[in-house]
Protein chains: 2
Amino acid sequence: MLASEIPGVSTAHGHKFRNPNVAAVRPERDLPAPVFFRAGSEIYAEGDACGKLYRVAFGCVRVYRLLSDGRRQISAFHLPGEVFGFEAGKERRFFAEAVCDSGIQILSTGSGSEEMANELLPMALQCLLRAEDHLMMLGRQNAMERIASFLLEMAEQQGEQSHIELPMTRSDIADYLGLTIETVSRAFSTLKRRGVIRLTGLRGVDIVQRQALTAMACH
Amino acid sequence: MLASEIPGVSTAHGHKFRNPNVAAVRPERDLPAPVFFRAGSEIYAEGDACGKLYRVAFGCVRVYRLLSDGRRQISAFHLPGEVFGFEAGKERRFFAEAVCDSGIQILSTGSGSEEMANELLPMALQCLLRAEDHLMMLGRQNAMERIASFLLEMAEQQGEQSHIELPMTRSDIADYLGLTIETVSRAFSTLKRRGVIRLTGLRGVDIVQRQALTAMACH
DNA sequence: CGGGTAATTGAACTTTTTCAACGCGCGTGG
DNA sequence: CCACGCGCGTTGAAAAAGTTCAATTACCCG
(Lines give C-alpha, C1' and ligand atoms only; values in the text may rest on other atoms or scores of the structure.)
Protein backbone atom coordinates (compact mmCIF):
# COMPACT_ATOMS: atom_id res chain seq x y z
CA MET A 1 0.00 0.00 0.00
CA LEU A 2 1.39 3.33 -1.03
CA ALA A 3 0.09 6.81 -0.38
CA SER A 4 -0.29 7.22 -4.12
CA GLU A 5 -2.77 4.36 -4.18
CA ILE A 6 -5.11 6.01 -1.73
CA PRO A 7 -7.68 8.16 -3.45
CA GLY A 8 -7.96 11.74 -2.33
CA VAL A 9 -4.65 11.69 -0.50
CA SER A 10 -1.99 14.16 -1.47
CA THR A 11 1.23 12.39 -2.29
CA ALA A 12 3.23 15.53 -2.71
CA HIS A 13 5.31 14.66 0.31
CA GLY A 14 4.43 11.14 1.29
CA HIS A 15 6.88 9.27 -0.89
CA LYS A 16 9.78 11.61 -0.37
CA PHE A 17 10.60 10.74 3.21
CA ARG A 18 12.87 7.80 2.62
CA ASN A 19 15.47 7.06 5.19
CA PRO A 20 18.50 5.26 3.78
CA ASN A 21 20.26 5.12 7.14
CA VAL A 22 18.00 2.65 8.85
CA ALA A 23 18.30 -1.04 8.20
CA ALA A 24 15.04 -2.93 7.95
CA VAL A 25 14.10 -4.82 11.08
CA ARG A 26 13.86 -7.96 9.06
CA PRO A 27 13.36 -8.66 5.39
CA GLU A 28 10.57 -6.51 3.98
CA ARG A 29 8.52 -9.49 2.99
CA ASP A 30 8.15 -10.54 6.64
CA LEU A 31 6.61 -7.24 7.63
CA PRO A 32 2.86 -6.93 8.00
CA ALA A 33 0.98 -4.70 5.58
CA PRO A 34 1.07 -1.08 6.70
CA VAL A 35 -1.99 0.45 8.30
CA PHE A 36 -2.90 3.86 6.94
CA PHE A 37 -3.08 6.87 9.25
CA ARG A 38 -4.40 10.23 8.12
CA ALA A 39 -2.36 13.34 8.90
CA GLY A 40 -2.92 14.23 12.54
CA SER A 41 -4.46 10.94 13.60
CA GLU A 42 -3.43 9.15 16.74
CA ILE A 43 -1.33 5.99 16.63
CA TYR A 44 -1.20 5.50 20.37
CA ALA A 45 -1.86 7.64 23.41
CA GLU A 46 -0.70 8.13 26.98
CA GLY A 47 -2.24 5.40 29.12
CA ASP A 48 -2.38 2.79 26.37
CA ALA A 49 -0.75 -0.54 27.11
CA CYS A 50 2.86 -0.85 25.98
CA GLY A 51 3.99 -3.88 24.05
CA LYS A 52 3.54 -3.07 20.43
CA LEU A 53 6.25 -1.64 18.29
CA TYR A 54 5.67 0.26 15.09
CA ARG A 55 7.60 0.77 11.89
CA VAL A 56 7.12 3.69 9.55
CA ALA A 57 6.53 2.45 6.00
CA PHE A 58 5.90 5.91 4.58
CA GLY A 59 5.06 9.32 5.96
CA CYS A 60 6.22 10.72 9.28
CA VAL A 61 5.33 10.23 12.95
CA ARG A 62 5.75 12.52 15.95
CA VAL A 63 6.17 11.10 19.45
CA TYR A 64 5.48 13.53 22.26
CA ARG A 65 4.46 14.17 25.84
CA LEU A 66 2.27 16.81 27.36
CA LEU A 67 2.58 18.71 30.61
CA SER A 68 -0.64 19.09 32.55
CA ASP A 69 -1.03 22.66 31.31
CA GLY A 70 -0.73 21.60 27.68
CA ARG A 71 2.88 22.41 26.94
CA ARG A 72 4.15 19.84 24.50
CA GLN A 73 7.59 18.34 24.01
CA ILE A 74 8.12 16.28 20.89
CA SER A 75 10.78 13.71 21.64
CA ALA A 76 11.24 12.42 18.10
CA PHE A 77 10.13 12.50 14.51
CA HIS A 78 10.25 9.12 12.81
CA LEU A 79 10.76 8.73 9.08
CA PRO A 80 10.38 5.64 6.88
CA GLY A 81 12.31 2.60 8.04
CA GLU A 82 12.43 3.66 11.65
CA VAL A 83 10.94 1.67 14.49
CA PHE A 84 9.28 3.46 17.39
CA GLY A 85 7.15 2.68 20.39
CA PHE A 86 9.75 1.57 22.94
CA GLU A 87 8.69 2.39 26.42
CA ALA A 88 9.57 1.05 29.83
CA GLY A 89 6.67 0.19 32.09
CA LYS A 90 3.21 -1.14 31.36
CA GLU A 91 1.45 2.01 30.30
CA ARG A 92 2.52 4.47 27.66
CA ARG A 93 3.50 7.94 28.77
CA PHE A 94 3.78 9.25 25.25
CA PHE A 95 1.51 10.01 22.35
CA ALA A 96 2.27 9.10 18.76
CA GLU A 97 0.55 10.78 15.83
CA ALA A 98 0.94 10.81 12.09
CA VAL A 99 2.50 14.11 11.02
CA CYS A 100 1.29 13.64 7.45
CA ASP A 101 -0.61 10.76 5.87
CA SER A 102 1.44 7.72 6.81
CA GLY A 103 1.67 3.97 6.57
CA ILE A 104 2.58 2.14 9.77
CA GLN A 105 3.53 -1.50 10.21
CA ILE A 106 2.56 -2.92 13.56
CA LEU A 107 5.05 -5.33 15.10
CA SER A 108 4.00 -7.28 18.15
CA THR A 109 7.10 -7.74 20.22
CA GLY A 110 6.41 -10.21 23.02
CA SER A 111 5.30 -12.92 20.66
CA GLY A 112 7.93 -12.05 18.05
CA SER A 113 10.63 -14.33 16.81
CA GLU A 114 13.79 -14.68 18.80
CA GLU A 115 15.60 -13.13 15.88
CA MET A 116 13.58 -10.02 16.45
CA ALA A 117 14.13 -9.96 20.20
CA ASN A 118 17.84 -9.80 19.44
CA GLU A 119 17.35 -6.66 17.43
CA LEU A 120 15.37 -4.93 20.12
CA LEU A 121 18.34 -3.90 22.20
CA PRO A 122 20.28 -2.22 19.37
CA MET A 123 17.12 -0.38 18.37
CA ALA A 124 16.51 0.79 21.91
CA LEU A 125 20.12 1.92 22.17
CA GLN A 126 19.76 3.82 18.91
CA CYS A 127 16.74 5.52 20.41
CA LEU A 128 18.73 6.36 23.51
CA LEU A 129 21.55 7.77 21.42
CA ARG A 130 19.18 10.13 19.69
CA ALA A 131 17.55 11.17 22.93
CA GLU A 132 20.96 12.04 24.30
CA ASP A 133 21.85 14.19 21.30
CA HIS A 134 18.51 15.88 21.73
CA LEU A 135 19.26 16.48 25.40
CA MET A 136 22.50 18.24 24.58
CA MET A 137 20.71 20.41 22.07
CA LEU A 138 17.93 21.46 24.44
CA GLY A 139 20.21 21.99 27.39
CA ARG A 140 23.12 23.81 25.88
CA GLN A 141 22.45 25.16 22.38
CA ASN A 142 20.82 28.45 21.46
CA ALA A 143 17.97 28.91 19.00
CA MET A 144 20.09 29.25 15.86
CA GLU A 145 22.27 26.27 16.78
CA ARG A 146 19.18 24.15 17.37
CA ILE A 147 17.71 25.07 13.99
CA ALA A 148 21.00 24.33 12.25
CA SER A 149 21.26 20.96 14.02
CA PHE A 150 17.67 20.21 13.15
CA LEU A 151 18.13 20.91 9.45
CA LEU A 152 21.25 18.75 9.34
CA GLU A 153 19.44 15.98 11.21
CA MET A 154 16.59 16.08 8.71
CA ALA A 155 19.06 16.11 5.81
CA GLU A 156 20.79 13.07 7.28
CA GLN A 157 17.49 11.25 7.80
CA GLN A 158 16.60 11.96 4.18
CA GLY A 159 19.88 10.76 2.74
CA GLU A 160 22.05 13.88 2.74
CA GLN A 161 20.31 15.52 -0.19
CA SER A 162 20.76 19.26 -0.51
CA HIS A 163 16.99 19.58 -0.81
CA ILE A 164 14.89 18.44 2.11
CA GLU A 165 11.17 18.32 2.74
CA LEU A 166 9.92 19.06 6.23
CA PRO A 167 6.68 17.15 6.73
CA MET A 168 6.01 18.92 10.03
CA THR A 169 4.72 22.42 10.78
CA ARG A 170 6.68 25.21 12.46
CA SER A 171 4.72 24.40 15.58
CA ASP A 172 5.98 20.82 15.50
CA ILE A 173 9.54 22.02 14.96
CA ALA A 174 9.18 24.48 17.85
CA ASP A 175 7.93 21.77 20.20
CA TYR A 176 10.78 19.51 19.14
CA LEU A 177 13.42 22.19 19.69
CA GLY A 178 11.99 23.71 22.86
CA LEU A 179 11.30 27.06 21.18
CA THR A 180 8.27 29.04 19.99
CA ILE A 181 7.05 29.08 16.40
CA GLU A 182 8.06 32.71 16.11
CA THR A 183 11.63 31.99 17.11
CA VAL A 184 11.78 29.10 14.65
CA SER A 185 10.38 31.29 11.92
CA ARG A 186 12.85 34.07 12.64
CA ALA A 187 15.77 31.67 12.56
CA PHE A 188 14.64 30.33 9.17
CA SER A 189 14.32 33.90 7.90
CA THR A 190 17.79 34.79 9.12
CA LEU A 191 19.30 31.74 7.41
CA LYS A 192 17.47 32.66 4.23
CA ARG A 193 18.62 36.28 4.38
CA ARG A 194 22.22 35.10 4.84
CA GLY A 195 21.92 32.80 1.83
CA VAL A 196 22.49 29.64 3.87
CA ILE A 197 19.17 28.10 2.88
CA ARG A 198 16.38 28.74 0.39
CA LEU A 199 12.77 28.13 1.29
CA THR A 200 10.66 26.57 -1.44
CA GLY A 201 7.10 26.81 -0.29
CA LEU A 202 6.15 26.00 3.26
CA ARG A 203 7.70 22.55 3.38
CA GLY A 204 10.75 22.59 1.16
CA VAL A 205 14.24 23.70 2.16
CA ASP A 206 17.29 23.91 -0.10
CA ILE A 207 20.53 23.75 1.79
CA VAL A 208 22.78 26.17 -0.08
CA GLN A 209 25.74 26.37 2.29
CA ARG A 210 25.94 23.12 4.14
CA GLN A 211 29.19 23.92 5.90
CA ALA A 212 27.75 27.14 7.25
CA LEU A 213 25.09 25.01 8.90
CA THR A 214 27.57 22.53 10.34
CA ALA A 215 29.62 25.42 11.69
CA MET A 216 26.53 26.79 13.42
CA ALA A 217 25.52 23.43 14.85
CA CYS A 218 28.94 23.28 16.56
CA HIS A 219 29.01 19.69 17.77
CA MET B 1 35.74 -1.34 50.82
CA LEU B 2 33.95 1.62 52.33
CA ALA B 3 34.79 5.28 52.21
CA SER B 4 35.12 5.20 55.97
CA GLU B 5 37.97 2.71 55.67
CA ILE B 6 40.04 5.00 53.52
CA PRO B 7 42.32 7.20 55.54
CA GLY B 8 42.06 10.93 54.97
CA VAL B 9 38.78 10.71 53.11
CA SER B 10 35.81 12.64 54.34
CA THR B 11 32.87 10.36 54.81
CA ALA B 12 30.47 13.12 55.69
CA HIS B 13 28.40 12.40 52.62
CA GLY B 14 29.66 9.17 51.17
CA HIS B 15 27.34 6.80 53.04
CA LYS B 16 24.24 8.92 52.77
CA PHE B 17 23.43 8.44 49.12
CA ARG B 18 21.46 5.25 49.34
CA ASN B 19 18.93 4.59 46.67
CA PRO B 20 16.12 2.30 47.80
CA ASN B 21 14.37 2.40 44.43
CA VAL B 22 16.85 0.44 42.40
CA ALA B 23 16.99 -3.33 42.54
CA ALA B 24 20.44 -4.84 42.46
CA VAL B 25 21.47 -6.18 39.08
CA ARG B 26 22.03 -9.51 40.65
CA PRO B 27 22.57 -10.66 44.20
CA GLU B 28 25.09 -8.49 45.98
CA ARG B 29 27.40 -11.38 46.66
CA ASP B 30 27.99 -11.87 42.92
CA LEU B 31 29.18 -8.33 42.43
CA PRO B 32 32.87 -7.58 42.20
CA ALA B 33 34.51 -5.50 44.89
CA PRO B 34 34.06 -1.79 44.26
CA VAL B 35 36.94 0.25 42.90
CA PHE B 36 37.49 3.52 44.68
CA PHE B 37 37.37 6.81 42.76
CA ARG B 38 38.37 10.12 44.30
CA ALA B 39 36.00 13.08 43.89
CA GLY B 40 36.46 14.48 40.41
CA SER B 41 38.33 11.54 38.97
CA GLU B 42 37.47 10.04 35.60
CA ILE B 43 35.73 6.69 35.31
CA TYR B 44 35.61 6.68 31.54
CA ALA B 45 36.03 9.26 28.77
CA GLU B 46 34.81 10.05 25.29
CA GLY B 47 36.61 7.79 22.84
CA ASP B 48 37.04 4.88 25.25
CA ALA B 49 35.78 1.51 24.11
CA CYS B 50 32.24 0.70 25.15
CA GLY B 51 31.43 -2.64 26.66
CA LYS B 52 31.81 -2.26 30.37
CA LEU B 53 28.93 -1.42 32.63
CA TYR B 54 29.35 0.11 36.04
CA ARG B 55 27.38 0.03 39.27
CA VAL B 56 27.57 2.66 41.96
CA ALA B 57 28.28 1.03 45.32
CA PHE B 58 28.56 4.33 47.18
CA GLY B 59 29.03 7.97 46.24
CA CYS B 60 27.74 9.65 43.11
CA VAL B 61 28.67 9.73 39.42
CA ARG B 62 28.00 12.32 36.73
CA VAL B 63 27.72 11.31 33.08
CA TYR B 64 28.13 14.14 30.59
CA ARG B 65 29.05 15.29 27.11
CA LEU B 66 30.95 18.34 25.94
CA LEU B 67 30.42 20.57 22.94
CA SER B 68 33.58 21.54 21.08
CA ASP B 69 33.59 24.94 22.78
CA GLY B 70 33.43 23.42 26.24
CA ARG B 71 29.74 23.73 27.04
CA ARG B 72 28.77 20.76 29.16
CA GLN B 73 25.51 18.87 29.43
CA ILE B 74 25.22 16.40 32.28
CA SER B 75 22.84 13.68 31.19
CA ALA B 76 22.53 11.94 34.53
CA PHE B 77 23.64 11.67 38.13
CA HIS B 78 23.88 8.11 39.37
CA LEU B 79 23.42 7.20 43.00
CA PRO B 80 24.13 3.91 44.81
CA GLY B 81 22.50 0.87 43.25
CA GLU B 82 22.28 2.36 39.80
CA VAL B 83 23.97 0.91 36.77
CA PHE B 84 25.42 3.20 34.13
CA GLY B 85 27.62 3.04 31.06
CA PHE B 86 25.17 1.92 28.34
CA GLU B 87 26.09 3.33 25.00
CA ALA B 88 25.31 2.38 21.46
CA GLY B 89 28.29 2.09 19.15
CA LYS B 90 31.87 1.04 19.77
CA GLU B 91 33.29 4.20 21.22
CA ARG B 92 31.98 6.18 24.13
CA ARG B 93 30.61 9.64 23.47
CA PHE B 94 30.23 10.46 27.12
CA PHE B 95 32.43 11.09 30.10
CA ALA B 96 31.80 9.67 33.55
CA GLU B 97 33.35 11.14 36.67
CA ALA B 98 32.98 10.64 40.40
CA VAL B 99 31.08 13.61 41.85
CA CYS B 100 32.31 12.79 45.34
CA ASP B 101 34.50 9.97 46.59
CA SER B 102 32.79 6.88 45.24
CA GLY B 103 32.95 3.12 44.99
CA ILE B 104 32.24 1.63 41.60
CA GLN B 105 31.68 -2.02 40.69
CA ILE B 106 32.77 -2.89 37.18
CA LEU B 107 30.53 -5.33 35.32
CA SER B 108 31.78 -6.71 32.04
CA THR B 109 28.77 -7.24 29.81
CA GLY B 110 29.83 -9.06 26.66
CA SER B 111 31.25 -12.01 28.56
CA GLY B 112 28.52 -11.80 31.17
CA SER B 113 26.01 -14.46 31.95
CA GLU B 114 22.97 -14.85 29.75
CA GLU B 115 20.92 -13.89 32.77
CA MET B 116 22.58 -10.52 32.66
CA ALA B 117 22.08 -10.08 28.91
CA ASN B 118 18.37 -10.44 29.57
CA GLU B 119 18.46 -7.48 31.90
CA LEU B 120 20.14 -5.24 29.36
CA LEU B 121 16.99 -4.26 27.48
CA PRO B 122 15.00 -3.27 30.57
CA MET B 123 17.95 -1.24 31.78
CA ALA B 124 18.27 0.51 28.43
CA LEU B 125 14.55 1.28 28.47
CA GLN B 126 14.84 2.63 32.00
CA CYS B 127 17.67 4.85 30.79
CA LEU B 128 15.54 6.01 27.88
CA LEU B 129 12.68 6.82 30.22
CA ARG B 130 14.86 9.07 32.32
CA ALA B 131 16.33 10.74 29.27
CA GLU B 132 12.84 11.51 28.06
CA ASP B 133 11.78 13.03 31.38
CA HIS B 134 14.92 15.09 31.23
CA LEU B 135 14.09 16.13 27.66
CA MET B 136 10.68 17.42 28.72
CA MET B 137 12.27 19.39 31.49
CA LEU B 138 14.90 21.02 29.31
CA GLY B 139 12.58 21.72 26.44
CA ARG B 140 9.49 23.01 28.17
CA GLN B 141 10.05 23.95 31.80
CA ASN B 142 11.35 27.24 33.14
CA ALA B 143 14.15 27.65 35.66
CA MET B 144 12.02 27.37 38.80
CA GLU B 145 10.16 24.33 37.49
CA ARG B 146 13.43 22.62 36.66
CA ILE B 147 14.82 23.26 40.13
CA ALA B 148 11.62 21.96 41.74
CA SER B 149 11.69 18.83 39.56
CA PHE B 150 15.35 18.34 40.36
CA LEU B 151 14.83 18.52 44.11
CA LEU B 152 11.94 16.06 43.91
CA GLU B 153 14.02 13.74 41.73
CA MET B 154 16.87 13.82 44.26
CA ALA B 155 14.41 13.22 47.08
CA GLU B 156 13.01 10.22 45.25
CA GLN B 157 16.46 8.83 44.53
CA GLN B 158 17.28 9.17 48.21
CA GLY B 159 14.13 7.47 49.48
CA GLU B 160 11.65 10.33 49.85
CA GLN B 161 13.25 11.76 52.95
CA SER B 162 12.42 15.36 53.74
CA HIS B 163 16.13 15.99 54.11
CA ILE B 164 18.33 15.46 51.11
CA GLU B 165 22.03 15.80 50.49
CA LEU B 166 23.20 17.11 47.16
CA PRO B 167 26.62 15.63 46.45
CA MET B 168 27.10 17.87 43.41
CA THR B 169 28.06 21.53 43.11
CA ARG B 170 25.82 24.32 41.76
CA SER B 171 27.81 24.12 38.57
CA ASP B 172 26.91 20.44 38.19
CA ILE B 173 23.26 21.19 38.85
CA ALA B 174 23.33 24.01 36.30
CA ASP B 175 24.85 21.76 33.64
CA TYR B 176 22.25 19.11 34.39
CA LEU B 177 19.34 21.54 34.16
CA GLY B 178 20.58 23.58 31.21
CA LEU B 179 20.93 26.75 33.30
CA THR B 180 23.73 28.90 34.72
CA ILE B 181 25.00 28.61 38.28
CA GLU B 182 23.61 32.06 39.02
CA THR B 183 20.12 31.08 37.94
CA VAL B 184 20.32 27.91 40.03
CA SER B 185 21.51 29.87 43.02
CA ARG B 186 18.75 32.47 42.66
CA ALA B 187 16.09 29.76 42.41
CA PHE B 188 17.39 28.14 45.61
CA SER B 189 17.35 31.53 47.34
CA THR B 190 13.80 32.21 46.21
CA LEU B 191 12.61 28.84 47.50
CA LYS B 192 14.36 29.52 50.78
CA ARG B 193 12.83 32.99 51.07
CA ARG B 194 9.37 31.52 50.45
CA GLY B 195 9.91 28.90 53.13
CA VAL B 196 9.65 25.98 50.72
CA ILE B 197 13.12 24.67 51.51
CA ARG B 198 15.83 25.26 54.09
CA LEU B 199 19.50 25.15 53.18
CA THR B 200 21.73 23.44 55.74
CA GLY B 201 25.27 24.19 54.68
CA LEU B 202 26.28 23.94 51.05
CA ARG B 203 25.08 20.40 50.47
CA GLY B 204 22.03 19.86 52.62
CA VAL B 205 18.46 20.74 51.74
CA ASP B 206 15.41 20.35 53.97
CA ILE B 207 12.18 20.11 52.04
CA VAL B 208 9.72 22.03 54.18
CA GLN B 209 6.73 22.24 51.83
CA ARG B 210 6.86 19.24 49.57
CA GLN B 211 3.53 19.93 47.92
CA ALA B 212 4.64 23.44 47.00
CA LEU B 213 7.51 21.79 45.12
CA THR B 214 5.28 19.28 43.35
CA ALA B 215 2.94 22.09 42.35
CA MET B 216 5.87 23.98 40.85
CA ALA B 217 7.23 20.96 39.01
CA CYS B 218 3.83 20.70 37.28
CA HIS B 219 4.08 17.29 35.63
C1' DC C 1 -9.99 33.18 -7.46
C1' DG C 2 -11.09 33.14 -2.64
C1' DG C 3 -11.00 31.31 2.02
C1' DG C 4 -8.56 29.53 5.77
C1' DT C 5 -4.61 27.78 7.90
C1' DA C 6 0.12 28.41 8.61
C1' DA C 7 3.95 31.41 8.53
C1' DT C 8 6.16 35.81 8.99
C1' DT C 9 7.22 40.17 10.99
C1' DG C 10 7.27 43.95 14.46
C1' DA C 11 7.29 45.80 19.08
C1' DA C 12 6.94 45.36 23.93
C1' DC C 13 7.94 42.52 27.57
C1' DT C 14 9.90 38.64 30.46
C1' DT C 15 13.26 35.50 31.53
C1' DT C 16 17.72 34.12 31.67
C1' DT C 17 22.45 35.18 31.03
C1' DT C 18 26.51 37.81 31.65
C1' DC C 19 29.66 40.42 34.13
C1' DA C 20 31.20 42.02 38.36
C1' DA C 21 31.54 42.32 43.25
C1' DC C 22 31.24 40.30 47.57
C1' DG C 23 30.94 36.69 51.30
C1' DC C 24 31.46 32.38 53.52
C1' DG C 25 33.97 28.30 55.04
C1' DC C 26 38.00 25.89 55.28
C1' DG C 27 42.64 24.52 55.18
C1' DT C 28 47.45 26.06 55.25
C1' DG C 29 51.35 28.25 56.69
C1' DG C 30 53.47 31.99 59.09
C1' DC D 1 46.20 31.29 66.71
C1' DC D 2 45.26 34.18 63.12
C1' DA D 3 45.82 35.90 58.43
C1' DC D 4 45.57 34.69 53.87
C1' DG D 5 44.09 32.51 49.78
C1' DC D 6 41.09 29.70 47.29
C1' DG D 7 37.01 27.50 45.71
C1' DC D 8 32.28 27.83 45.80
C1' DG D 9 28.15 30.28 46.38
C1' DT D 10 25.30 34.44 46.47
C1' DT D 11 23.68 38.85 44.97
C1' DG D 12 23.05 43.01 41.97
C1' DA D 13 22.77 45.48 37.67
C1' DA D 14 22.93 45.55 32.80
C1' DA D 15 22.58 43.10 28.53
C1' DA D 16 20.96 39.60 25.56
C1' DA D 17 18.00 36.10 24.11
C1' DG D 18 13.70 34.39 23.61
C1' DT D 19 8.63 34.90 24.32
C1' DT D 20 4.25 37.07 23.84
C1' DC D 21 0.83 39.55 21.59
C1' DA D 22 -0.82 41.59 17.55
C1' DA D 23 -1.00 42.51 12.78
C1' DT D 24 0.08 41.16 8.18
C1' DT D 25 1.37 38.09 4.44
C1' DA D 26 1.99 33.78 1.90
C1' DC D 27 0.59 29.46 0.49
C1' DC D 28 -2.29 25.61 -0.53
C1' DC D 29 -6.58 23.65 -1.78
C1' DG D 30 -10.82 23.57 -3.25
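Below, chains carry the letters A, B, ... as their sequence lines are ordered, and counting in each starts from 1. Below, all heavy atoms of this structure are taken into account, side chains as well, without hydrogens, waters or symmetry copies.
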Tell me what A:Leu199 touches on the nucleic acid: a base, only sugar-phosphate, or nothing, going by heavy atoms under 4.0 Å.
-> sugar-phosphate

State whether A:Thr183 places a side-chain N or O below 4.0 Å from either non-bridging phosphate oxygen (OP1 or OP2) of D:dG18.
-> no

Between B:Met136 and A:Arg93, is any pair of side-chain heavy atoms under 4.5 Å apart?
-> no

Side chain proximity check, B:Leu166 to B:Phe150, heavy atoms < 4.5 angstrom = yes

Starting at [atom1] of [X] and ending at [atom2] of [N], how long is that distance when rounded to a whole Å?
X: A:Glu182; N: D:dT25; atom1: CD; atom2: C1'; answer: 15 Å
X: A:Leu191; N: C:dT9; atom1: CG; atom2: C1'; answer: 16 Å
X: A:Leu202; N: D:dC28; atom1: CG; atom2: P; answer: 5 Å

Quick one: does B:Arg203 reach the base of D:dG9 with a side-chain donor-acceptor pair under 3.5 Å?
-> no

Side chain B:Arg186 and base D:dG9 donor-acceptor under 3.5 Å | no

Working to the nearest 0.5 Å, report the span between CD of B:Glu97 and OG of B:Ser41.
-> 8.0 Å

On DNA chain C, more 5' by nearest nucleotide between A:Arg140 and A:Ser171 is A:Ser171

Nearest-nucleotide wise, let me know which of A:Gln141 and A:Thr200 is further upstream toward the 5' end of DNA chain D.
-> A:Gln141

Quick one: is the NZ or CZ of B:Arg72 closer than 6.0 Å to the six-membered ring centre of B:Phe95, and within 45° of its axis?
-> no

